[in-house]
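Worksheet: the structure to be examined is printed underneath.
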Amino acid sequence: MLLSSFIHCSTPSRCFPIKTCTRCCQYSTGRSVRILDTPVLLKNALTFNRSGGHGGKQQYMRLKSSRKRCFSSECDEVGHQHEHGDVRVRFAPSPTGFLHLGGLRTALYNYIYAKKYGGSFILRMEDTDQSRLVPGAAESIEDMLEWAGIPPDESPRGGGQYGPYLQSQRLSLYSQAADSLVQTGKAYHCFCSQQRLELLKREALRSGQTPRYDNRCRHLRPDQLEEKLDQKVPHVIRFRLESGVEPFNDLVFGWNRHEVAQVEGDPVVLKADGFPTYHLANVVDDHLMKVSHVLRGSEWLISTSKHLLLYRALGWKPPVFGHLPLLLNRDGSKLSKRQGDIYIQSFQRSGALPEALLDITTHCGSGFNSNRVGRKMEELITEFNPSKITTHSALLDLDKLPEFNKIHLQQRIDDAVQRDWLVRDLQVRIQEVYGTQVQDQDVLQPDYITRVLHLRKGHISSVSDLVSSEYSYLWVRPSFSDQQMTALSSETQHIATLVIRLMEGLKGGEELTVDQLSVELKTLAKKTSNTKYRDVMKIIRLALSGLQQGPSVAEMMVSLGPSEITHRFNRVLQQH
């Protein structure tokens, strides 16, 4: 039923008669609404669903939206539903693989949205595709979300009021919904064999058409249906697609509508093994878990009209939908799960900081009032503005991650609590990389590691840098030959003695500083007979690190401390 109404707005010259359905007629509440002044051009399935095999000529639909409004909550201004009820968002990955950057980004936007509006962030595992489950993936996904600093409020591990949060434990709910659809004539039993479906597909491809189910079992007579059910013929339940899809106002892409019945056959909603397909499961779960906003990847935009038909058939109010633009490589290619380095565990192992990952994935996208490097979670939440999310794909330049990591590493080193975490992380890495090669256990002491972190702050991009060969001298005493020393100067023993005396004079006094040592080393070099200052520095560097380059000699000495420096130069004396 359509009602013709006259709406009064803040600008009388723009008041106009509209038509809206009774379900959406909420204008009397006085909430603000948006005018879409230009028609919206929408691609249908043949162009949106590139990965689904739809080909053929591009087709477009024009929604005459310049003077039409939808007053339902799902079409309201971004974020306004939280005035009428709790904001509840969900991240619903499939544990058929481990968490990767694309998934992390979707989870992040959901988490920020929830925290921005005082809502809840739900983790739900969509594990209905039992044949493709990866052992340990579900646990790992939750681990990685917690590591990244976006822990769910409700989850398989943490539980919650609307659990269980594993779809495989909710099968009776999907069965009930499917039965309800069958009872109301919105769905039907389909007995077509896999062989018949495969033949339909081959025939369609041979004739250049898009494969689709021909809805054959839709037309079974009651006696045919009863006979097959009595014979226990394996079957699925298919949803009866109808024309007349209502347009919906996506938070990101605006007005959309896709007449699924024109291009698709009736979809399976419950498989023969009793497991639901995604289309039914996500609708049932979002409804029963009271999800208010569905923020998911734009690849699902084309399926939303189908989901809205299911909501309507079940008599449920749909959530607000927002489809996030794709996260792509810098060259515009799709992030592939075959790229080993896009998995969050890989970043964790390499020493990437979670804040840096969150920062770079939001920096390359949209939805924030500013776009600067170095933002922490509280700043991301404060600066988040859903109306600023654009439809443009986000191009991720992972070559910039070390720079992001360096900035966030500096922030962690300057924070006492976060620094302690870095110290513990580095202790583990040192033992993993060097093990029994560590001759002096004092290098594992927090005070020593903290001193190293402060000295290298701004120079390293990750704590993992500090266990590379370039910094091995910090944890393992170096080796070098007598020939290497004598090649630099004939005064190596004299220089070693001078350094030991310098350290003895500094022991027990104030802590060494780079500036102080830089002055002392220039004075020391003047006490040699025929060795230039730069060669004195090369000898000291070789004795301390076994290397020919690295941080300044003064910094190396401050890092190691007087006792260790003395020990290493006594070795120089012993080699002669």
Side-chain angles (χ1 to χ4, degrees), residues 413 423 426 430 434 437-460 466-576:
I413 293 171
V423 169
L426 197 47
I430 294 164
Y434 295 105
Q437 296 178 61
V438 177
Q439 296 143 308
D440 182 2
Q441 294 299 309
D442 284 347
V443 301
L444 296 173
Q445 292 300 312
D447 287 349
Y448 178 74
I449 294 177
T450 297
R451 184 165 75 240
V452 168
L453 287 170
H454 275 297
L455 286 167
R456 284 285 84 194
K457 182 176 68 176
H459 297 281
I460 57 171
L466 290 174
V467 292
S468 66
S469 58
E470 180 184 352
Y471 292 107
S472 61
Y473 70 89
L474 291 167
W475 327 112
V476 177
R477 286 166 181 158
S479 60
F480 48 85
S481 66
D482 187 39
Q483 289 80 5
Q484 284 178 286
M485 281 290 181
T486 54
L488 293 170
S489 171
S490 59
E491 296 184 276
T492 53
Q493 287 210 316
H494 176 51
I495 292 168
T497 302
L498 290 173
V499 172
I500 292 170
R501 287 176 184 171
L502 174 62
M503 291 301 104
E504 288 172 347
L506 295 172
K507 277 182 181 177
E510 295 181 3
E511 285 190 15
L512 303 183
T513 67
V514 173
D515 290 342
Q516 173 197 1
L517 271 176
S518 295
V519 174
E520 297 283 359
L521 289 171
K522 287 177 182 175
T523 302
L524 181 150
K526 293 176 182 177
K527 296 177 182 178
T528 61
S529 301
N530 56 12
T531 308
K532 294 179 180 179
Y533 171 77
R534 80 167 173 237
D535 290 327
V536 171
M537 293 302 102
K538 287 179 180 178
I539 289 169
I540 297 176
R541 181 185 296 280
L542 185 61
L544 293 177
S545 68
L547 303 171
Q548 296 179 349
Q549 58 186 13
S552 69
V553 169
E555 185 188 314
M556 282 183 168
M557 296 177 80
V558 172
S559 296
L560 293 168
S563 296
E564 183 60 23
I565 293 169
T566 300
H567 182 91
R568 294 189 185 191
F569 274 94
N570 275 324
R571 287 175 62 205
V572 175
L573 295 178
Q574 293 164 10
Q575 280 188 304
H576 287 271

Rounded to the nearest 0.5 Å, what's the gap from [atom1] on [X] to [atom2] on [Y]? Could you check?
X: Asp442; Y: Leu560; atom1: CG; atom2: CG; value: 12.0 Å
X: Glu564; Y: Met557; atom1: CD; atom2: CE; value: 12.0 Å
X: Met537; Y: Thr531; atom1: CE; atom2: OG1; value: 11.0 Å
X: Ile495; Y: Leu573; atom1: CD1; atom2: CG; value: 11.5 Å
X: Ser552; Y: Leu521; atom1: OG; atom2: CG; value: 9.0 Å
X: Ile430; Y: Leu474; atom1: CD1; atom2: CG; value: 8.5 Å

Does [Y] offer a backbone N or O that forms a donor-acceptor pair with the side chain of [X] under 3.5 Å?
X: Gln439; Y: Arg477; value: yes
X: Thr486; Y: Gln483; value: yes
X: His494; Y: Lys527; value: yes
X: Arg568; Y: Ala543; value: no
X: Asn570; Y: Thr566; value: yes

Does the side chain of [Y] come within less than 4.5 Å of [X]'s, by heavy atoms?
X: Pro478; Y: Leu544; answer: no
X: Ile565; Y: Ile540; answer: no
X: Leu466; Y: Ile460; answer: yes
X: Leu547; Y: Tyr473; answer: yes
X: Leu524; Y: Arg501; answer: no
X: Phe480; Y: Ser545; answer: no
X: Gln484; Y: Leu488; answer: no
X: Val452; Y: Leu426; answer: no

Task: Partners passing ring pair (Phe, Tyr, Trp, His ring centres under 6.0 Å) against Tyr448 (at least two apart in sequence or in another chain) - done: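 With neighbours one apart ignored, the set is Trp475.
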
Could you pull out the closest heavy-atom pair between [X] and [Y], with the gap in Å?
X: Gly550; Y: Arg541; value: N-NH1, 3.2 Å
X: Ile449; Y: Leu444; value: CD1-O, 3.9 Å
X: Tyr434; Y: Ser472; value: OH-CB, 3.3 Å

TODO: Please lay out, stage by stage, how Leu542 and Val572 fare under the test side chain to side chain contact (heavy atoms under 4.5 Å, CB included).
DONE: CA-CA 10 Å; Leu542 185 61; Val572 175; over 6 Å; no

Open item on the list: Ser489 and side-chain contact (heavy atoms from CB on, under 4.5 Å): which single residue from Glu491, Gln493, Met485 fits?
Closed with: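 Answer after filtering Glu491, Gln493, Met485: Glu491.
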
Open item on the list: For a side chain to side chain contact (heavy atoms under 4.5 Å, CB included) check, start with the C-alpha distance between His459 and Arg456, then their side-chain angles and the critical distance, and finish with the verdict.
Closed with: CA-CA 5 Å; His459 297 281; Arg456 284 285 84 194; 3.4 Å; yes

